[in-house]
There are 2 protein chains.
Amino acid sequence: MTAATSVPADPHSPADQHSPAANPRRRVGRPAAAVLDQGGITAAALQLIGKSGYDGFTMAALASTLNVAPSALYNHVSSKRDVLVLVQDHLTSFVDVAAFETEPWEQAVRDWAWSYRDVFSKHTPLIPVIAVLPVTDAPKTLAMYEAVSAGFSRAGFPQERIIPAIVAFESFIFGSAYDVTAPADIFDSGTMAASTPHFTSAVQRLAEDSHEKPADVAFSLGLEALLAGLGALRAA
Amino acid sequence: MTAATSVPADPHSPADQHSPAANPRRRVGRPAAAVLDQGGITAAALQLIGKSGYDGFTMAALASTLNVAPSALYNHVSSKRDVLVLVQDHLTSFVDVAAFETEPWEQAVRDWAWSYRDVFSKHTPLIPVIAVLPVTDAPKTLAMYEAVSAGFSRAGFPQERIIPAIVAFESFIFGSAYDVTAPADIFDSGTMAASTPHFTSAVQRLAEDSHEKPADVAFSLGLEALLAGLGALRAA
DNA sequence: TCATCTAAATGAACGGCATTCATTTAGTGG
DNA sequence: CCACTAAATGAATGCCGTTCATTTAGATGA
């Protein structure tokens, strides 16, 4: 009995973690067998979220996935929010920043923004966490910022505008991630249609003319506007 | 029974009433005399949130504010989420759309966007609710969309671009509302500073050069870019 | 070898939460 | 005056995250 095989192992997970540890007693003895660790918890959490969504994501369910008692998790993580932070940081490594090395600024930002939105539109409950999380707590997220900052710097942005510009893009991306999850009929004005003629006709016109997904149309529109407007800040 | 769908009966209320004041209260069981209604619940909820924040906002606390048992609320509201929807819709009436009647498009959007962000930056837990809420369920929100759509239409926007453009602005506004609540040291890279030179220097440069609040700098930058880019969609 | 140290796992709590339901209450309309 | 019904009650339900005293079992050092 006793787990043994139950640990996800997670073969391709580099143990790049620096054990933060919630407990005092830092004197290192390195005794026990390690049935659980942050990497395994993160992987299991991600899998559980994928299967059951954020409603089904409870500490009890997560523990059960790992064949462990719920309280055991608290030896490796100090709260549920901690787990969400781990998941968030892991997901951020799926955001594509590669183009900053190979493409001109505009195309690089475009690639980055679309992939960023796509990743987190499936994880909107994390957005309130990310938006307020100190970068120190999320190394992979910090790495993303470094790659993006470097790209902006190389593209000729004045230093003091780099962070505000990135934040502006990010704000737009987070808001747009929510938009992806909105129901198709969100703008159906129903019985109030008569009293909202301008809005109702605009909604109808969009539905008639457009074949793409409304969230993609809006995202593309806003992103291109930001690219043009913020791109103009670059030094000549 | 069980009215799974929406709010119950509401026999003789003109729907748009905002009864502000609390009601006469008695101590013991008081059934039929209309102690509670949606307007009163909304007002009490708003006040409670102002005093205790969203953490302290529980159905029990709300009921206690109204001198009523928690279960009594469910005669007027079908879930906590329903209360949040009522609050959200009420807050939306504080968003300023007046400028669409008096100012040129660009200035009107500016006023609208800043006030929209300011209102909801104090209520970020509502953002996941709004972003996904059918407009039918929120009459005042619908009214806001009508005013904004009319302004865009009058300004010469092609019909099929009006909704995407508004959604793009809104996405940016919601994301920026979160940004307002971020801690001041969110970008402090701490011990990792050495490995993130571009990012770290950009953060430092911003802190040195800017006297304004970082969230306002980013919002202004992004908003002006959107105004320029999307404004160009207008017919000549 | 064995006593000891300690990280990690356990299971039984705990308090808080939204929500349900049978019951009671008191106005209203017939 | 009575029957009906909207509205309030409070006890109960089930789920949740989290805590804690206790146990388990590798590793360490004698």
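Chain A is the first sequence line, chain B the second, and so forth, proteins listed ahead of strands; every chain is numbered from 1.
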message: Tell me whether the side-chain N/O atoms of A/His76 come closer than 4.0 Å to OP1 or OP2 in C/dA9.
response: yes
field: Separation of C/dG16 P from B/Tyr54 OH (nearest whole Å)
entry: 23 Å
A/Thr92 and A/Gln88: side chain donor to acceptor below 3.5 Å: yes
Rounded distance in Å - CD1 (B/Ile41) to P (D/dA8): 8 Å
With sequence neighbours excluded, residues passing ring-ring contact (aromatic ring centres under 6.0 Å, His included) with A/His123: A/Tyr54
Report each atom pair, protein N/O against N/O of nucleotides 3-5 of chain D, whose distance is under 3.5 angstrom.
none

statement: Contacts of B/Asp185 meeting salt bridge (charged side-chain N to carboxylate O under 4.0 Å, His left out) (sequence neighbours excluded), chain-then-number -> none
query: Tell me, for nucleotides 11-17 of chain D in 5' to 3' order, what letter each nucleotide earns: B for a base near a protein heavy atom under 4.0 Å, S for only sugar-phosphate near one, - for neither?
result: -----SS
- prompt: Is the base of C/dA9 touched by the side chain of A/Asn75 through a donor-acceptor pair closer than 3.5 angstrom?
  reply: yes
task: Would you kindly give the CG-to-C1' distance between A/Leu62 and D/dT18, to the nearest whole Å?
output: 14 Å
Quick one: side chains of residues 162-170 of chain B, donor-acceptor pairs under 3.5 Å with protein atoms, not counting sequence neighbours, listed by atom name and distance.
| from | atom 1 | to | atom 2 | distance (Å) |
| --- | --- | --- | --- | --- |
| B/Glu170 | OE1 | B/Tyr145 | OH | 3.1 |
| B/Glu170 | OE2 | B/Tyr116 | OH | 2.6 |
| B/Glu170 | OE2 | B/Tyr145 | OH | 2.5 |

Let me have the donor-acceptor pairs involving side chains of residues 174-183 of chain B, under 3.5 Å, with sequence neighbours excluded, atom names and distances please.
| from | atom 1 | to | atom 2 | distance (Å) |
| --- | --- | --- | --- | --- |
| B/Ser176 | OG | B/Phe172 | O | 2.7 |
| B/Tyr178 | OH | A/Tyr178 | OH | 2.9 |
| B/Thr181 | OG1 | B/Tyr178 | O | 2.7 |

query: Are any side-chain N or O atoms of A/Ser64 and backbone N or O atoms of A/Ala60, one a donor and one an acceptor, separated by less than 3.5 Å?
result: no
message: Output the rounded distance in Å from CG (B/Leu73) to P (C/dC17).
response: 14 Å
field: Separation between OG1 of B/Thr200 and CG of B/Asp188, rounded to the nearest 0.5 Å
entry: 8.5 Å
- request: May I ask you to decide if B/Gln38's main-chain N or O and B/Thr42's side chain share a donor-acceptor pair within less than 3.5 Å?
  value: yes
